[in-house]
Amino acid sequence: MTRRFPLKAIGDTRVLLAAAILLGIAAQFTSRSTVQLWSFVLINVLIAQSINVLTGIAGQISLGHAGFLAIGAYGSALVVKSGSLPLPVGLVAAALLGAAAGWTLSFAVGRVRDLYLAMMTLGFGMILYEVVREWNAVTGGVTGLSGIASPTLRNLNLFDVSIGEVGYFRLVLIVTAIVLWLLRNFITGPYGRAFFAIHVSEIAAGSLGIPRAGTKRQAYTLSAAMIGLAGGFYAHLVGYLGPETFGLNRSVEALVMAIVGGLGTLSGPVLGAVLFTYLPDKLQFFADYQFMVYGLILLGSFLVLPRGLAGLFLPRTAFIKDLRPVPVVDPEVPPSGVRCEHEAALLRACDLSISFLGLRALAGVSLEVRAGRIVGLVGPNGSGKSTLVNVVSGIYRAGAGHVLFEGNDISRLPEDRIARLGIIRTFQDPRLVPSFTVRENVLLGAHRRYRQSALASALNQPDALREEQAMLGAANAIIDRAGLSALADSVVRDLPYGDQRMTELARALLAEPRVLLLDEPAAGLSEPECARLGELLRRAKERGIAVVLIEHHMEFLNNLVDEVVVLDSGEVIYQGDMAGMYRSPEVVEAYLGLPTRGTDRQPEPGTVDA
């Protein structure tokens, strides 16, 4: 295969490298105070980006990020000061200690959301603050830790060479540029997109094979490593650490920088860091009212700039690598040949029962689905159709019964592991990432197919780039088949409902499912869109994919499904072909709404659209 490189990524890398070189040269001809301020800007960039990764991208609120900053700062200072180790070792220790703390904290905070998550992270920050204040033997307590190697004190060496303010700024600049490059590569790869999926809907992310706990753990670890590194640089820049630096106000400043700059973007936190480093310096007479000013700026940002400064001044951040897709003839599962009617069921639900607060949702429901067949699942609202799909896909756990896939019991597996087996589902309402384009959303479906590691993605290793090219080609083929080519680069939040539903289906198809569970995919679609949906499902059937289709649109199902199962009050009341369903007295009375007594009239196939 011809090796191709991400042209835009190369261009962006050159711009970043050129900017770093120019700043490094300019520092030589600038005052010491200005160079020191520039170093603070770069440290704040790392702090703001750490919040951006956790909150803006992965959607995990943190009000205690100053705790990680303290861990990195004191960790690096003590390693270099007490251990007499070189500066690079101290900085690495700062990042690793921060990462370890973030990874450990993620086990607790990963179990809660929203207000409880904010309170738990706030508690973490308060605990770390008190530890710094009271651990006199290590941190110096309220008197602080002084004598830290610093360019200001002229006692900082790098490889036995003394470095001053300019040399230290250049070191911070190089490391920050590398971190931004790695972060850009990461968020434009599969693992970065998985962060966004978790942010929007953990359930939908799990249905694509993205593990909830593991992804949030990655986000906390990466975020804490970045701010831990920032803490290491801060310690050696100022030469003194006191507990007041790591209070709640520092966590609030980090949030404000990221939010005003633009959460969920790569450039926004950089703008926010520049603004909130220079603003306090230029408006020192507002020092006593600092948080009041910050609050007013934050309120103004929410009202006037909901997407931050980046949304106002800079183009939209892309979340795919700018690669040339590898054209594919057919990105789906290879044909499995002619299927026998007596072939063993690919998926089997056996006597499933589940209740919610004493209300029976399923009562001994059984279902078999064979490869290359489409099964319609119909019934009145509240009959248990979506509940059945939720149990099969691992979102709910049945009180009784079990689910078999290829003969193996999967009843106790979480939804992400079930999805990685090839059981993929959609939802009644499209659960897409609103800020993503159609192509970026569809690429989320390929998550279970990626073999590259997160590190390979961040480093843009050749194998990872080739895999991304192949996925882009497969995504483009499915987007074209779904009739979305003209909208491939359109942001999903701006699209009509029908296009969003087709985007969700394209995303599911890119996952190369073995079993496809669709919850009312035709709802809200126009006739041409329904026709396109039918063609996609017939093609999936030809490729050997088993399809379970919840639908109320009888005319749509008539010439599509091989078998129909009707539920009512959590029980199966009919199983067979469509023609037999229309003649079933139980189905007519419970669902179709036509008289069953006093008349011999039966509904004509295709006349019911419930």
Side-chain angles (χ1 to χ4, degrees), residues 46-65 67-68 98-99 101-122 124-125 179-180 182-228 230 251 254-255 257-259 261-269 272 307-308 310 317-320 415-416 431-436 440-441 443-444 447 450 453-455 457-458:
L46 293 175
I47 293 173
Q49 287 290 4
S50 74
I51 282 286
N52 184 43
V53 166
L54 187 64
T55 303
I57 297 178
Q60 306 302 301
I61 302 171
S62 176
L63 295 179
H65 242 48
F68 298 120
W103 180 81
T104 303
L105 182 65
S106 69
F107 285 91
V109 298
R111 297 174 177 268
V112 295
R113 294 190 224 172
D114 303 327
L115 178 63
Y116 298 101
L117 175 59
M119 292 301 99
M120 286 190 71
T121 55
L122 176 61
F124 166 75
V179 169
L180 291 178
L182 292 172
L183 183 59
R184 182 194 181 281
N185 295 340
F186 179 83
I187 67 172
T188 56
Y191 295 94
R193 291 191 292 268
F195 281 13
F196 279 98
I198 287 288
H199 184 169
V200 173
S201 173
E202 293 183 17
I203 291 177
S207 73
L208 298 171
I210 299 170
R212 301 190 200 186
T215 301
K216 287 191 282 187
R217 195 164 297 128
Q218 282 183 345
Y220 274 99
T221 303
L222 177 59
S223 175
M226 291 175 64
I227 197 170
S251 296
L255 271 172
M257 283 191 294
I259 291 172
L263 282 174
T265 68
L266 190 61
S267 53
R307 299 180 188 176
T317 300
F319 299 104
I320 55 176
E415 71 271 23
D416 60 282
R431 300 192 182 185
L432 304 168
V433 180
S435 60
F436 273 18
E440 290 163 354
N441 268 291
L443 270 176
L444 280 171
H447 189 85
Y450 279 100
S453 66
L455 180 61
S457 178

Non-neighbouring partners of Arg217 that pass salt bridge (Lys or Arg N to Asp or Glu O under 4.0 Å), sequence neighbours left out:
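For Arg217 there are no salt bridge (Lys or Arg N to Asp or Glu O under 4.0 Å) partners, ignoring immediate neighbours.
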
Partners passing ring-ring contact (aromatic ring centres under 6.0 Å, His included) against Tyr450 (at least two apart in sequence or in another chain)
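Applying ring-ring contact (aromatic ring centres under 6.0 Å, His included) to Tyr450 gives none.
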
Measure the spacing between OG1 of Thr317 and CD1 of Ile57 and express it to the nearest 0.5 Å.
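Spacing of OG1 (Thr317) from CD1 (Ile57) equals 9.0 Å.
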
Check [X] against [Y] and note the closest heavy-atom contact, atom names and distance.
X: Leu117; Y: Ile61; value: CD2-N, 3.4 Å
X: Leu183; Y: Gln49; value: CD2-OE1, 3.6 Å
X: Phe319; Y: Arg193; value: O-NH1, 3.1 Å
X: Ser62; Y: Leu54; value: CB-CD2, 3.6 Å
X: Ala224; Y: Phe68; value: CB-CD2, 3.7 Å
X: Ala310; Y: Gly268; value: CB-CA, 3.6 Å

With a 4.5 Å heavy-atom cut-off, do [X] and [Y] have their side chains touching?
X: Ile51; Y: Met257; value: no
X: Leu222; Y: Phe186; value: yes
X: Leu63; Y: Thr121; value: yes

Would you confirm whether [X], through its side chain, and [Y], through its main-chain N or O, come within 3.5 Å as a donor-acceptor pair?
X: Ser207; Y: Ala204; value: yes
X: Thr215; Y: Phe195; value: no
X: Ser223; Y: Tyr220; value: no
X: Asn52; Y: Thr265; value: yes
X: Thr188; Y: Asn185; value: yes

Greater than 12 external heavy atoms within 6.0 Å of Arg307's CZ:
no

Can you tell me if OH on Tyr116 sees more than 12 non-hydrogen neighbours from other groups inside 6.0 Å?
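For Tyr116, atom OH is not crowded (no more than 12 foreign heavy atoms under 6.0 Å).
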
Name all residues meeting the side-chain hydrogen bond (donor to acceptor under 3.5 Å, both in side chains) criterion together with Tyr191; count only those two or more places apart in sequence or in a different chain, and write none if there are none.
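side-chain hydrogen bond (donor to acceptor under 3.5 Å, both in side chains) list for Tyr191, sorted by chain: empty.
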
His199 ring center within less than 6.0 Å of Phe196 ring center
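No: the rings miss the under 6.0 Å criterion.
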
